[in-house]
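To find a chain, count down the sequence lines: A is the first, B the second, and so on, and within it residues start at 1. Side chains included, hydrogens not; waters and symmetry mates left out as well; all remaining heavy atoms used.
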2 protein chains.
Amino acid sequence: MVGIDDVARAAGVSTATVSRALSGRGAVSTATRDRVLSAAGRLGYVVSAAASSLATGRTRAVGVVVPFLDRWFFSTVLAGISDALVRRGYDITLYSVSADAAERRRVFDDHLRRRRIDAVITIALELDAEESVSLRGLGVPIVAIAGPHPLLTTLTVDDLAVGRLATAHLLGLGHRRLAHIGADAVTDAASSVPTLRRRGFEDSLAEAGITQYDVEPADFTIDGGSRAAARLLARDDRPTALFAASDEMAIGAILAARELGLRVPDDVSIIGVDGHELGRWFGLTTVDQFARGQGERAAEAVLSALDGAQPAPGRGTLPFELVDRGSTAAPHD
Amino acid sequence: MVGIDDVARAAGVSTATVSRALSGRGAVSTATRDRVLSAAGRLGYVVSAAASSLATGRTRAVGVVVPFLDRWFFSTVLAGISDALVRRGYDITLYSVSADAAERRRVFDDHLRRRRIDAVITIALELDAEESVSLRGLGVPIVAIAGPHPLLTTLTVDDLAVGRLATAHLLGLGHRRLAHIGADAVTDAASSVPTLRRRGFEDSLAEAGITQYDVEPADFTIDGGSRAAARLLARDDRPTALFAASDEMAIGAILAARELGLRVPDDVSIIGVDGHELGRWFGLTTVDQFARGQGERAAEAVLSALDGAQPAPGRGTLPFELVDRGSTAAPHD
DNA sequence: CTGTTAGCGCGTTCAC
DNA sequence: GTGAACGCGCTAACAG
């Protein structure tokens, strides 16, 4: 295992010079730098992360904390983060936190505190107060994507506006009997993403003078969306339009409608949120939130924080856009 | 930032004793251990990964190398790995390698060699000889899931058998005009997963005395599967059954069939491989390979290697199973 | 521009 | 069962 002194010997310089030549910190003459680089290359020297980090306090790694790995939104954002960080030579350390309280504590109180990372990115993580404090206590830059917590630098789409946009689209087509599939009023936090989307829905309806509507809670999976839609569409006065708070649920709703023999959009209009690649195949109209781009933006934000930039105060705003693929239309009756 | 000597002082012992008490290595009296543990807890002490790793040579992290993050199979396997590793207190360091040669070299020659990880898991990674040697040179346990390289301990389903199973299922239903969607004969390595599945298909047909069949290369996405199926099904003597080497492609094939006005399975039978959750919604018959379980198995394999067990020689075999959901049936004519 | 030196924070001998 | 002291491999400060 070749170390810095092997390189120093091979290049005929001191270890300090090797360190300077390789890290680029500190002045080294071009000639010696070349000697060092070639010696290092020849010997296949790579600095030890542990030793370097012990000496500098930096790790060249960013922690990414996610609640799920195997859902489209999360893995897509993660891919975006990874792209941007790899380009800059950072490693990603992945922390997947489940709902299990003991395991969550272990991640926040132990794993994340091992000084293994220079910064943290969270993806749509709903933190309790303790966890939020624990994160801040790390003393490293933190960027939260779509996390509702006010103590953190947050990068998020305006989910209230997303909800309003989707709803306005349906109202604009002439729908008056609408329903929403998404947040659970009981379990979801008031400032959570699902709740904001639902509130956007409700606010728009209120402004349109519509007070009758249904909200079915669902778990953001195809399966959950399908079951929720089945309940809504089985009624006598079934809604003519559904707004699902995610594309996966919207796709479930389309599938449920089909099973009930309903045509989309002739019998029922359906709109989602996300920009899931699968949406194309279902002709799903949606509010795209450019998940991959969110990851890249977050990565760039932590990188610039690591470069010494001041964190943008408050929340950065991420783009979203209505994509009409045909699953919505004017109601028939 | 509380260090080991803070704990030592608070507990009235030396740092050596704190280290022993917390790591469990070395004998400590119950009384002093309790004092140390309580002091550590009170102060919120967590060992520094860098310092500990520099002193011990161990990092309590496992590197996971993937070619894609945002595809179902990979994120699902990753979730399984994460589950199993978190339970044992290991962190995951994620390395996503694209096809870009320079970037790949950086990952293999720099990132992975920073001594940041105690072991490596690769997921369906096709390594060239140099990369494989580079991995072995790390001197840490390596477990490859579905990687074709013979130099590594590999955990894989018998993809030849998977191909045969799917094909036998179609043959058993009476199909004689079959086509395969999957490996590209030109670009895919002979021992790659896609190629093995295709060979299983071809071998089965040969045994059944069938020499006429089509193979359409596709890129394992819904889109690619759809286009490949469209080409196959547009022909006059179109096949009565399609075997797609992944569920995503099989779903694409189902969608393409629908667009051509063909009924599945009445007009064309379709079978996939994977056990993708979406398959349920399309009534897709498939060979499930239990992706999440593969991740767990791989994690357990590296953990036992880290515990000192000898790596199982050769290849571990992962389970697979035919799941009939109705997208295959006897041919009509 | 380069070398010397003193840690970074911890684990582990080796005495006691 | 416990403590003192050294070293893991590297970087930063200081001299020169």
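Regarding contacts with the backbone of dG11(C), a side-chain N or O of Ser52(B) is found under 4.0 angstrom from either OP1 or OP2. Side-chain N/O atoms of Arg115(A) include none lying less than 4.0 angstrom from OP1 or OP2 on dG9(C). At the phosphate of dT2(D), neither OP1 nor OP2 sits under 4.0 Å from any side-chain N or O atom of Thr17(B). One finds a side-chain N or O of Ser29(A) lying less than 4.0 angstrom from the OP1 or OP2 phosphate oxygen of dT2(C). Regarding contacts with the backbone of dG3(D), a side-chain N or O of Ser14(B) is found under 4.0 angstrom from either OP1 or OP2.
Rounded to an integer number of Å, the gap from CZ of Arg114(A) to C1' of dG9(C) is 16 Å. Leu54(A) has its CG atom 12 Å from the P atom of dG9(D), to the nearest Å. Note: CZ (Arg116(B)) to P (dC10(D)) measures 14 Å, nearest angstrom. Per the geometry, CZ belonging to Arg9(A) stands 12 Å off P belonging to dC10(D), to the nearest Å. Counting to the nearest Å, the P atom of dG9(C) and the CG atom of Asp5(B) are 8 Å from each other. Rounded to an integer number of Å, the gap from CG of Leu22(A) to P of dC10(D) is 10 Å. Atoms CD1 (Ile4(B)) and P (dC6(D)) sit 18 Å apart, rounded to a whole Å.
Ion pairing of Asp83(B) with Arg292(B) is present here, as a side-chain N (NZ or NE/NH1/NH2) and a carboxylate O approach within less than 4.0 Å. The pair Arg60(B)-Asp118(B) does not meet the salt-bridge criterion, since no charged nitrogen lies less than 4.0 angstrom from a carboxylate oxygen. A salt bridge does not link Arg106(B) to Asp110(B): none of the charged side-chain nitrogens sits closer than 4.0 Å to a carboxylate oxygen.
Note on Arg58(B): only backbone sugar-phosphate atoms sit closer than 4.0 angstrom, heavy atoms only; bases stay farther off. Looking at heavy-atom distances under 4.0 Å, Val18(B) makes no contact with the nucleic acid at all. Residue-level contact check: Ser19(B) touches the bases, meaning some heavy atom is under 4.0 Å from a base atom. Note on Thr32(A): only backbone sugar-phosphate atoms sit closer than 4.0 angstrom, heavy atoms only; bases stay farther off.
DNA chain D is contacted by both Ala16(B) and Thr56(B); Ala16(B) maps to the nucleotide lying nearer its 5′ end (nearest heavy atom per residue). Nearest-nucleotide positions on DNA chain D for Arg25(A) and Gly12(B) put Gly12(B) closer to the 5' end.
Side-chain contact check for Thr93(B) versus Ile92(A): every heavy-atom pair is 4.5 Å or farther apart.
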Determine, stepwise, if the pair Arg104(B) / Asp128(B) fulfils salt bridge (Lys or Arg N to Asp or Glu O under 4.0 Å). CA-CA 11 Å; Arg104(B) 276 182 90 102; Asp128(B) 63 31; 5.6 Å; no

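Each end of the helix from dC1(C)-dG16(D) to dC16(C)-dG1(D) gets its own rotation axis from five pairs of C1' atoms, and the angle between them is 30° to the nearest 10 degrees.
Put simply, the side chain of Thr154(A) never gets that close to the backbone of Thr156(A): no donor and acceptor are under 3.5 Å apart. Ser304(A) contributes no side-chain N or O that, together with a main-chain N or O of Asp307(A), makes up a donor-acceptor pair within less than 3.5 Å.
For dG3(D), its base sits under 3.5 Å from the side chain of Arg20(B) at one donor and acceptor pair at least.
The side-chain tip of Arg71(B) points at the ring of Phe68(B) from less than 6.0 angstrom away and within 45° of straight on.
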